[in-house]
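Chain identifiers are assigned alphabetically (A, B, ...) following the order of the sequence lines, protein sequences preceding nucleic acid strands; residue numbering begins at 1 within each chain.
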Protein chains: 2
Amino acid sequence: MSALDSRSESGATPRRTRVTDPEPVSVTLQDVATEARVSLATASRALNGGSRGVRSENRDRVLAAAARLGYVPNASAQATAKGSTQTVALVVSDVADPYYSAIAAGITDAAEANGLVVTMTVADRSPRRELELVRGLRGHRPQIIVIAGSRIDDGATERELIDELAQYRATGGRTALISQPGLPFPTVTVDNARGAETLARTMAEAGYRRYAIICGPNRIRTSLDRCRGFTAGLRASGIEAEDQVFIQTQFTRSGGYDAACELVERGLDGIELIFAVSDTMAIGVMTALRDAGLEPGRDVAVAGFDDISSAIDVVPALTTVEVPLREAGTEAVRLALSDDENRTVRIPTTVHVRASTPRAPTSSPAPTGPST
Amino acid sequence: MSALDSRSESGATPRRTRVTDPEPVSVTLQDVATEARVSLATASRALNGGSRGVRSENRDRVLAAAARLGYVPNASAQATAKGSTQTVALVVSDVADPYYSAIAAGITDAAEANGLVVTMTVADRSPRRELELVRGLRGHRPQIIVIAGSRIDDGATERELIDELAQYRATGGRTALISQPGLPFPTVTVDNARGAETLARTMAEAGYRRYAIICGPNRIRTSLDRCRGFTAGLRASGIEAEDQVFIQTQFTRSGGYDAACELVERGLDGIELIFAVSDTMAIGVMTALRDAGLEPGRDVAVAGFDDISSAIDVVPALTTVEVPLREAGTEAVRLALSDDENRTVRIPTTVHVRASTPRAPTSSPAPTGPST
DNA sequence: TTGAAAGCGGTACCAT
DNA sequence: ATGGTACCGCTTTCAA
């Protein structure tokens with residue numbers, strides 16, 4: 001009803017260049033065609049197919065008309081007509097988390113390079129919400145759906161998610177996951193285990209013997225993988241299990257803080273290095289140590305994981321494992337677009353040794369407490 | 001061509017519930033209608049208008065059929081038919097920047113609360129790119145376009161942007177800007193000037209007399225406003241211009257680092273407090289000071305702006321001005337949806353005094369260099 | 001209450 | 001090279 005009233009049928013009213021009229025309806029391709037005195041079909045060709053099969057004179061007239069009228073093609077209409085859109089749908093657990101915003105940045109880069117726009121939705125770390133989002137997103141018929149988020153063990157929901165994605169793919173959709181491998185779809189995986197392992201070996205080589213390992217809930221695969229990788233690295237370096245203390249806590253800064261407090265309370269007992277499975281947690285650890293009168297890096301070494309930007313700004317600078325999140329994002333788009341069925345791409349990590357783990361640890365036989 | 005081959009015209013083939021077939025076409029409303037033995041129109045009503053005018057028996061059959069078939073409405077088709085979409089388009093300068101990702105989080109919250117999905121695009125801090133994006137976005141006919149980013153003075157592009165947004169609004173679109181006021185559209189503004197002014201007054205009250213102010217390029221309004229606000233606060237507190245040193249640099253961490261180096265090199269000359277117009281810069285300043293053998297907070301006080309999360313994790317904890325970015329985001333959506341034409345909403349800020357500006361400054365007359 | 005049919009803004013095939 | 005037109009999937013009159 002809104003589209004019929006104020007528009008001329010076929011040049012009945014003289015065309016006017018003025019934009020001043022308060023006409024509430026946007027310019028359509030038909031308007032452009034009329035203005036350029038060509039058919040709808042020709043206008044479409046002129047605007048899309050380059051110069052393919054349109055006399056340049058006509059093409060110019062169409063282009064001019066479009067510009068004059070301020071024509072912007074209706075993406076939805078194009079999508080319905082073509083049966084496909086030019087978008088990539090991204091589901092992240094949390095935008096405000098630098099981890100995911102870095103991934104989002106990578107995806108946005110890659111998408112724009114391919115002429116796609118990104119639609120982003122936030123699952124709030126809930127598998128349930130994630131599922132709902134994917135379901136809704138399917139309705140937008142995006143070219144690609146990318147889901148970024150650590151798998152959280154939750155059988156039923158996971159199965160439904162797999163169904164949903166499978167249906168999506170069955171109808172020609174493309175997908176990529178950024179998380180742990182295990183789901184039957186193309187997956188970009190950060191090599192958490194190997195990164196943690198390398199870190200552990202490096203620390204062992206630097207002379208550290210007694211460790212505390214602070215990790216998050218085991219349901220969170222990212223945490224678990226890093227934890228396991230680290231202990232694997234220690235084992236390979238000949239560090240006994242009795243020289244490893246584990247604390248499980250929240251996967252957050254305050255989780256790290258609390259764990260470190262607990263550690264200090266019960267007595268450090270010769271622990272030389274505290275490894276927290278994320279930088280955020282590690283920073284909490286450092287603050288807790290300092291609050292307890294201990295100097296991180298001198299009294300106890302601290303290491304983290306992620307290499308978030310503030311890792312180099314805390315004091316002492318934090319030893320950590322760099323995760324190229326942005327690359328993970330671009331890689332996900334590449335993978336989804338490629339025809340590699342169900343491939344898993346591992347993104348390598350890099351260890352950065354900094355001041356929080358000085359080369360020479362506090363020598364070896366210090367059975368009771370830190371240096372005071 | 002892909003849509004015609006494998007689908008039955010009107011129940012010629014018996015319907016099957018199996019999903020195993022490799023049929024590359026998705027389920028349409030027509031399929032659901034046929035399956036439920038009602039007309040297209042009735043199916044549409046059943047799925048949309050609640051129970052309005054559909055016999056409950058039929059409605060149930062439609063719903064069942066839809067569920068059985070895994071029907072997901074085609075958002076693009078709905079959009080073309082209805083002439084409007086259920087999306088809010090967000091243009092940010094940089095997702096990876098916590099400043100914008102916090103805003104994005106707020107917008108996402110508000111959008112989802114209103115049943116809208118967010119499409120996010122990144123302008124890379126380029127006004128030109130921003131303009132192109134808005135132009136492209138218009139094609140998606142979003143309900144709302146939100147642009148988040150400090151205005152950058154650039155006359156021509158700005159004018160074009162205004163045109164583009166005006167056309168968008170003329171065709172029924174809604175907009176909100178998160179930036180400085182000045183453009184003829186509803187705007188959410190962080191009260192940078194007032195925040196900086198309050199900070200300055202607080203610091204003056206704490207006893208600081210001699211200041212260095214490190215800011216970014218004047219083109220960036222956010223920087224300029226904070227700078228001006230700070231000096232206004234100093235002036236109001238009776239601090240003379242001769243007690244204020246200005247350094248202009250990049251609006252980044254390394255900009256802050258460099259500026260602090262310069263400051264140290266030329267001799268601190270009694271400067272008691274360094275104010276950097278963003279936390280990121282302030283953190284660069286702190287690292288530079290430390291690298292130069294000075295202890296931030298003891299030898300020179302440091303203050304920033306934004307209250308990014310790492311502000312409390314650096315040592316000493318950084319005095320700064322909190323900006324409720326997430327609220328700015330939600331407010332923008334609210335504003336766009338409301339019918340307040342061209343209103344400007346100011347978001348208030350909060351000063352947090354921390355260890356980087358201890359109460360008692362290093363007394364007064366120390367004309368040459370820092371304490372050594 | 002229901003179904004037929006006319007759009008929505010485009011795309012792409014088919015003649016000419 | 002160009003125009004006519006069927007069609008994309010869905011919404012919404014308009015009669016029945």
Side chain of [X] - closest among [options]:
X       : options               : answer
B:Val38 : D:dT2, C:dG3, C:dT11  : C:dG3
A:Lys82 : D:dT11, C:dA12, C:dT2 : C:dA12
B:Ala41 : C:dT1, D:dC8, C:dA4   : C:dA4
A:Tyr71 : C:dG10, D:dC10, C:dT1 : C:dG10
B:Arg45 : C:dG10, D:dT2, D:dC14 : D:dC14
B:Asn74 : C:dA4, D:dC10, C:dG10 : D:dC10
B:Ser44 : D:dT11, C:dT2, C:dC14 : D:dT11

* **5′-ward residue of the pair A:Leu40/A:Ser56 relative to DNA chain D** =>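 Looking at the nearest nucleotide for each, A:Ser56 comes out on the 5' side.
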Output the rounded distance in Å from [atom1] ([X]) to [atom2] ([N]).
X        : N      : atom1 : atom2 : answer
B:Arg37  : C:dT1  : CZ    : P     : 23 Å
A:Leu47  : C:dG9  : CG    : P     : 16 Å
B:Leu29  : D:dC10 : CG    : C1'   : 7 Å
A:Asp60  : D:dA1  : CG    : P     : 15 Å
B:Asn58  : C:dG3  : CG    : P     : 7 Å
B:Gln30  : D:dC10 : CD    : C1'   : 11 Å
A:Gln86  : C:dG10 : CD    : P     : 15 Å
A:His140 : D:dG9  : NE2   : C1'   : 14 Å

* Counting only distance, no hydrogens or angles, is the base of C:dG9 paired donor-acceptor with the side chain of B:Arg141 under 3.5 Å? ->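 Checked by distance alone, the answer is no.
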* Does B:Phe185 offer a backbone N or O that forms a donor-acceptor pair with the side chain of B:Thr187 under 3.5 Å? ->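 Yes, because the side chain of B:Thr187 sits within donor-acceptor range (under 3.5 Å) of the backbone of B:Phe185.
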* Distance-only, no hydrogens or angles: does the B:Arg174 side chain make a donor-acceptor pair with backbone N or O of B:Ser338 under 3.5 Å? ->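 Indeed, once roles are kept as given, a pair shorter than 3.5 Å links the two residues.
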* 5′-ward residue of the pair B:Ser39/A:Ser76 relative to DNA chain C ->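 In this pair, the answer is B:Ser39.
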* Residue closer to the 5' end of DNA chain C, B:Thr42 versus A:Pro73 (nearest nucleotide) ->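 The residue closer to the strand's 5' end, by nearest nucleotide, is B:Thr42.
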[N] OP1/OP2 closer than 4.0 Å to side-chain N/O of [X]:
X       : N      : result
A:Asn48 : C:dT11 : yes
B:Gln78 : D:dT11 : yes
B:Arg55 : C:dT2  : yes
A:Thr80 : C:dG10 : no

* From B:Thr87 OG1 over to B:Met120 CE, what is the distance, rounded to the nearest 0.5 angstrom? ->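 One finds 14.0 Å between OG1 of B:Thr87 and CE of B:Met120.
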* To do: Could you go through the side chain to side chain contact (heavy atoms under 4.5 Å, CB included) check for A:Ile147 and A:Leu165 one step at a time?
  => CA-CA 10 Å; A:Ile147 304 181; A:Leu165 286 178; 4.0 Å; yes
* Residue that, paired with B:Glu164, satisfies side chain to side chain contact (heavy atoms under 4.5 Å, CB included) out of B:Glu130, B:Arg138, B:Glu132 ->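 One option only clears the test, and that one is B:Arg138.
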* Verify side chain to side chain contact (heavy atoms under 4.5 Å, CB included) between B:His140 and B:Thr85, making sure each step is shown before the conclusion. => CA-CA 8 Å; B:His140 288 85; B:Thr85 61; 5.9 Å; no
